[in-house]
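In what follows, chains carry the letters A, B, and so on, assigned in the order in which the sequence lines appear, proteins first and then strands, with residues in each chain numbered from 1. Side-chain atoms are counted along with the backbone in the values below, which use heavy atoms only and exclude waters and symmetry mates.
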Amino acid sequence: MKERYDPHEIEEKWQRKWAESKIFQPEPDAREKFFITIPYPYLNGNLHAGHTRTFTIGDVIARFKRMQGYNVLFPMGFHATGTPIVGLAEQIQKKDPETIRVYNKLHEIPMDVLDTIQTPEQIVGYFSREAEAAMKSIGFSIDWRRKFTTTDPHYIKFITWQFNLLHEKNKVVRGAHPVRWCPNDENPVEDHDILKGEDATIIDYTLIKFELDGDILPCATLRPETVFGVTNLWVNPKNDHVRIKANDENWIVSKEAYLKLKFTDKKVELTGNVNSDELIGKKVKNPVTGSLVLVLPASFVSPDNGSGIVMSVPAHAPYDYLALRDLKGTDLTGYGMTEDVSGIPLISLIKVPEYGKYPAVDAVNELKVKDQNDPKAEEATKLVYRREFHGGVLTETTGKYAGMAVSKIKDVLTRDLIDRGIADVFYEFSEQPVICRCGATCVIKMVENQWFLNYSDTAWKEEVYRCLGNMRIIPPEIRVDFENKIDWLKDKACARRKGLGTRLPWDREWMIESLGDSTIYMCYYIIAKYLDKFTPEQLKEDFFNYCLLGYGTPEKVAENTGIALGIIKSIRSDFEYWYPVDLRSSGKDLIPNHLLFFLFHHVAIFPEAYWPRTIAINGFVSLEGQKMSKSKGPLLTLKSAVKEYGADITRLYILSTAEHVQDADWRAADVDSTRKQVERFYKTAFDIIRSDDKDDLKLIDKWMLSRLQYRIRETTDALDKMQTRRAVQNAFYLLMNDMKWYERRGGKAARRDILGTWVRLMAPFTPHICEELWNELGSGFISLAGFPVQDAALINKGAELAEEVTANTLRDIEEILRLIKIKPKKIVLYTAATWKNTVLRKGITMKKENTLDMKNFMGALMSDPAMRAHGKDIPKFAQKVITDIQGMDSEMMNTLIEVDFDEISALREAREFLSQAVDCSIEIYSEDKPEYDPQKKSRFAAPMRPAIYIE
RNA sequence: GCGGGGGUAACCAAGCGGCCAAAGGUGCAGGACUUAAGAUCCUGUUGCGCAGGCAUUCGUGGGUUCAAAUCCCACCCCCCGCACCA
């Protein structure tokens with residue numbers, strides 16, 4: 001080995017040797033298997049620091065498990081399905097300047113190369129080559145024989161089989177669903193297509209059909225239960241209204257609402273204009289209560305929201321109450337009305353703790369809202385809504401719904417009303433307007449005949465729950481996330497009109513959406529090793545049915561497909577060996593989508609024995625505090641990080657900077673300091689390897705070996721819980737500090753031994769440098785060596801206490817010297833008298849028996865004749881001992897009473913060290929027999945705390 | 001709004017009932033080494049203190065306990081997700 005640490009040389013060398021010796025290409029054997037997968041990367045860019053983190057965590061666990069003796073399978077593939085790559089190809093072909101800039105600067109693709117990746121196929125080819133090279137350059141222990149891309153013909157056969165199966169099992173069904181739609185492009189709009197209104201969500205209003213002489217006045221509301229409290233309808237005289245035919249009904253709505261309705265699943269046809277005067281002053285029938293109510297004018301009614309016709313519930317809606325109040329004294333005879341509007345009685349239907357019978361009235365008074373045009377009306381509305389939603393209960397007014405919580409009523413009631421034919425659902429953006437990149441205003445369109453995965457199916461959800469219940473989730477806190485998301489998941493459209501991927505086998509104009517085709521592909525890694533043994537055409541349904549599900553017989557499959565019988569049998573037995581997935585480790589962004597679907601599809605397709613075992617989640621990576629972005633920057637590619645720092649330093653840094661779901665922040669300054677630490681590690685190791693220390697083990701060696709056991713235990717425990725940061729802290733930084741102290745204390749004899757363990761402890765994190773060092777220390781690859789196991793026999797509490805006393809004493813002396821600011825001539829230490837140790841032990845014993853108080857303690861002590869000799873010193877000391885013991889944890893107490901610790905000889909062994917450290921001669925006595933004690937300092941000695949006298 | 005996570009010293013970040021004035025790293029200051037710089041190693045980094053001590057700290061305000069950064073209650077602030085998009 002070389003004296004100077006050269007990461008790139010070492011890393012290339014060991015990566016070559018790993019590949020040559022094929023040590024990461026596992027085959028089934030007698031060992032217990034461990035199958036770990038990380039979601040394959042999507043090929044619309046280069047791997048970045050986020051991938052680096054997720055994949056490195058996976059690799060560390062793979063290496064850790066391998067060293068623990070598991071037969072580890074860690075494969076990798078590439079995801080290319082969907083629309084982004086097609087879109088990217090179009091942008092590159094168009095030479096879109098922004099795209100060119102992003103891919104040249106952020107993704108570091110040279111301009112001449114960029115010219116050669118014009119088609120989706122070229123893009124996929126380029127990025128998969130780059131990704132593989134990058135993952136190799138950072139030393140991932142991946143079995144590359146099993147790589148594939150989701151656009152491969154073999155894979156398409158696999159997905160075809162899967163979807164046919166799901167279709168048969170009724171997991172794929174037909175339906176309609178609302179999407180954001182650009183009428184100009186005639187396409188659904190995705191987030192990045194939106195110019196304005198990105199945050200707008202689709203909310204569903206209930207449309208309640210009030211009747212007017214054979215016409216229907218639909219009123220959109222988010223609170224359908226308030227239909228029981230309707231006193232009138234509102235129409236804005238300034239708005240334009242139209243009469244339309246909606247399916248078989250005649251509706252009257254605002255002109256704007258008509259335009260929106262055209263995109264819904266209703267067949268609408270314009271049949272004429274309607275003047276506001278034709279509506280205002282008329283009486284309409286409430287379809288739910290049957291009562292007749294007036295249509296009245298109000299200025300707050302917007303034509304853009306809902307149908308443009310609003311039902312009025314003044315008891316619970318501040319706007320309605322205000323508008324009604326505003327009408328007081330207004331002359332309505334122009335509308336042909338003679339009714340006294342001010343006499344309309346309010347109808348209360350919700351009881352809520354914060355308010356009286358009419359919450360809207362109370363809120364308006366509370367906030368002193370002037371009229372319907374006062375901005376505070378909005379505030380009052382939100383306040384009432386919030387309180388009624390959370391604390392409100394429906395009253396008798398609502399008939400059979402009385403007693404229900406407001407928060408629970410909406411879906412139930414809407415369902416009931418739709419079933420009775422007196423309501424509909426109407427979708428509306430939560431914010432308006434929503435503008436497409438092309439400049440057009442977006443609408444909500446019902447996409448018909450869409451294919452769905454019916455995730456909302458409760459029986460299916462139950463199975464997923466059961467699966468989750470038997471799984472390990474890391475970290476455990478996020479289990480509740482999964483539970484919530486399972487509840488929340490609705491049917492998911494699983495087909496698209498464009499993009500790369502697999503066609504829906506029974507409806508070939510649709511492409512299978514790309515999240516659906518990546519749910520059970522982990523089992524495909526098992527097949528992927530054999531791809532040269534058959535053509536895609538040979539992969540018929542019964543091949544998968546047998547190999548993955550065990551249906552049928554291998555002989556029949558061989559006959560039917562022409563695939564060699566032996567191959568079919570091998571694949572099936574490989575599957576039975578490797579499956580299920582033991583660990584799927586992923587970034588937290590995939591929880592509400594991919595990981596959820598991963599579970600759903602596994603429970604739908606496989607028997608319980610093959611359901612996933614563990615999911616682990618990690619957070620994102622930011623750069624110098626800034627959020628990373630593939631499309632906007634900043635971006636740090638894996639390739640450039642490794643190029644600059646080397647694989648081991650990059651790995652160690654990214655693992656040590658954050659734990660679990662926390663986001664990691666990549667800071668160049670900190671990476672630099674990691675590099676220094678790694679260099680120091682290398683230098684320390686180099687010195688030890690070069691040296692030739694043979695000596696008997698001293699107390700300090702025993703201390704160091706004892707510390708090492710503790711670090712082994714912590715590192716192992718941390719890795720079991722996938723706490724990479726804690727693992728690195730223990731295996732690297734804390735152990736490094738132990739080594740510093742050990743060397744400072746003159747430790748030598750155990751160094752080589754310790755290094756052998758240390759290097760193995762570090763091997764999962766920094767495998768290359770550890771191979772290089774192991775090459776000098778052990779035999780074979782360290783990647784295949786045994787992970788250190790704690791040796792309880794090497795734990796030496798006595799040695800640890802000795803070092804603790806030494807270190808504490810040194811600190812005390814230094815503190816005193818700092819304060820008195822003199823150059824000492826001589827320092828004298830006095831260890832505590834025997835009787836004080838006896839008192840301490842007695843105190844601890846009594847504490848453990850829960851009998852320790854001053855009275856008991858004194859009684860017990862004074863009953864001992866040997867103690868009475870110190871009678872006058874005992875009370876004060878006993879008091880101090882009680883206080884000290886109160887602050888001790890049980891481990892410390894046990895150590896102090898169980899370990900036979902000779903304080904004075906420990907200090908004597910450390911005398912030379914202490915003396916050098918403070919540059920002064922040191923004498924050590926026991927308080928029992930202080931040969932030199934001019935200031936009577938020895939009486940201040942306490943166990944583990946020698947008295948100090950400085951001349 | 002709903003759901004989840006989080007607020008700890010100059011900064012990042014551990015700790016989640018007791019050796020906690022609080023791990024580790026960074027930064028800063030001092031010292032050792034060196035011709036010097038760098039690297040490395042020590043020491044310090046809330047305040048006060050000429051004997052190892054004391055006082056006050058862990059978002060804010062209350063409470064429980066012999067003992068709270070850690071448990072309970074209320075409040076304030078920050079971050080993330082809410083879909084048909086990978």
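With a 4.5 Å cut-off on side-chain heavy atoms, His48(A) and Val621(A) do not count as touching.
Cation-pi geometry between Arg496(A) and Trp510(A) is not satisfied (NZ or CZ under 6.0 Å from the ring centre, within 45° of the ring normal). With Tyr5(A) as the aromatic partner, Lys683(A) does not meet the cation-pi criteria of under 6.0 angstrom to the ring centre and within 45 degrees of the ring axis. Figure legend: Arg584(A) and Phe598(A) shown as a cation-pi pair, the cationic atom lying under 6.0 angstrom from the six-membered ring centre and within 45 degrees of its axis.
Rounded to a whole Å, the NZ atom of Lys848(A) is 17 Å from the P atom of G18(B). In this structure, CZ of Arg667(A) is placed 5 Å from C1' of C12(B), rounded to the nearest angstrom. For Lys382(A) and C2(B), the NZ to P distance is 13 Å, given to the nearest whole Å. Rounded to an integer number of Å, the gap from Phe482(A) CZ to G3(B) C1' is 14 Å. Rounded to whole Å, atom P of G53(B) lies 15 Å from atom CD of Glu814(A). Spacing between atom CH2 of Trp741(A) and atom P of G24(B) amounts to 13 Å, rounded to whole angstrom units. Summarising the geometry, the separation between CG on Asp665(A) and P on G25(B) is reported as 19 Å, rounded to the nearest angstrom. Protein atom CD of Gln916(A) is 14 Å distant from nucleotide atom C1' of A32(B), rounded to whole Å.
Taking atom C1' in both A69(B) and C20(B), the straight-line distance is 9 Å, to the nearest Å. Rounded to a whole angstrom, the distance from the P atom of G59(B) to that of U40(B) is 34 Å. Nucleotides A22(B) and U46(B) are separated by 10 Å at their P atoms, to the nearest Å. Comparing G4(B) with A9(B), their C1' atoms sit 28 Å apart, to the nearest whole Å. Between the C1' atoms of A13(B) and G18(B), the separation comes to 23 Å (whole Å). Rounded to whole Å, the C1' atom of U60(B) lies 10 Å from the corresponding atom of C77(B). On the P atoms, A39(B) is 35 Å away from G49(B), given to the nearest whole Å. Between G38(B) and C28(B), the distance separating the two P atoms is 11 Å to the nearest Å.
Using a 4.0 Å heavy-atom criterion, one finds that Gln677(A) contacts the sugar-phosphate atoms exclusively. Base engagement by Pro946(A) is indicated by at least one non-hydrogen atom pair under 4.0 Å involving a base atom. At a threshold of 4.0 angstrom between heavy atoms, the contacts of Ile950(A) include nucleobase atoms, whether or not backbone atoms are also involved. No engagement by Ala658(A) is indicated, since no non-hydrogen atom pair under 4.0 Å with the nucleic acid exists.
Look at A67(B): it lacks any Watson-Crick or wobble partner with both distances under 3.5 angstrom. In this structure, G3(B) and C80(B) make a Watson-Crick or G-U wobble pair, each of the two defining distances being under 3.5 angstrom. Across the strands present, U40(B) finds its partner in A32(B); the criterion is a Watson-Crick or G-U wobble pair with both atom distances under 3.5 angstrom. Pair check for U60(B) finds A74(B); Watson-Crick or G-U wobble, both atom distances under 3.5 Å. In this structure C54(B) sits in a base pair with G47(B), meeting the Watson-Crick or G-U test at under 3.5 Å.
Nearest nucleotide to the side chain of Leu734(A), out of A23(B), G52(B), C42(B): A23(B). The side chain of Asp481(A) lies closest to G4(B), out of G4(B), G52(B), U43(B). Residue Arg725(A) places its side chain closer to A13(B) than to any other of G52(B), G25(B), A13(B). Candidate nucleotides G44(B), G5(B), G18(B) were compared by shortest atom distance to the side chain of Arg818(A), and G44(B) ranks first. For Leu819(A), taking side-chain heavy atoms from C-beta onward, the closest of the listed nucleotides G49(B), A14(B), C19(B) is G49(B). When distances run from any side-chain atom of Asp670(A) to the nucleotides U26(B), C42(B), G4(B), the shortest one goes to U26(B). The side chain of Gln729(A) sits closest to A23(B) out of A23(B), G25(B), C42(B).
Regarding contacts with the backbone of A23(B), every side-chain N or O of Asn737(A) stays at 4.0 angstrom or more from both OP1 and OP2. Within the structure, a side-chain polar atom (N or O) of Lys676(A) is placed less than 4.0 Å from OP1 or OP2 of A39(B).
Donor-acceptor pairing under 3.5 Å is recorded for the side chains of Thr54(A) and Asn618(A). Using modelled atom types, one finds a donor on one side chain and an acceptor on the other under 3.5 Å when comparing Thr81(A) with Asp517(A).
Under a cut-off of 6.0 angstrom, the local environment of NZ in Lys826(A) is crowded, with over 12 non-hydrogen atoms contributed by other residues, nucleotides or ligands.
Ring geometry, Trp741(A) versus Phe913(A): the interplanar angle exceeds 60°, so the pair is classed perpendicular (tilted spans 30 to 60°).
Note: His107(A) and Tyr103(A) meet the aromatic proximity criterion, with ring centroids under 6.0 Å apart. Here the two rings, on Phe681(A) and Phe732(A), have centers that are under 6.0 Å apart.
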Notebook entry, point to check: Can you give one letter per nucleotide of nucleotides 77-86 of chain B, 5' to 3': B if a protein heavy atom sits under 4.0 Å from the base, S if only from the sugar-phosphate, - if neither?
Noted result: ---S-SBBBB

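RNA chain B is contacted by both Glu659(A) and Arg945(A); Glu659(A) maps to the nucleotide lying nearer its 5′ end (nearest heavy atom per residue).
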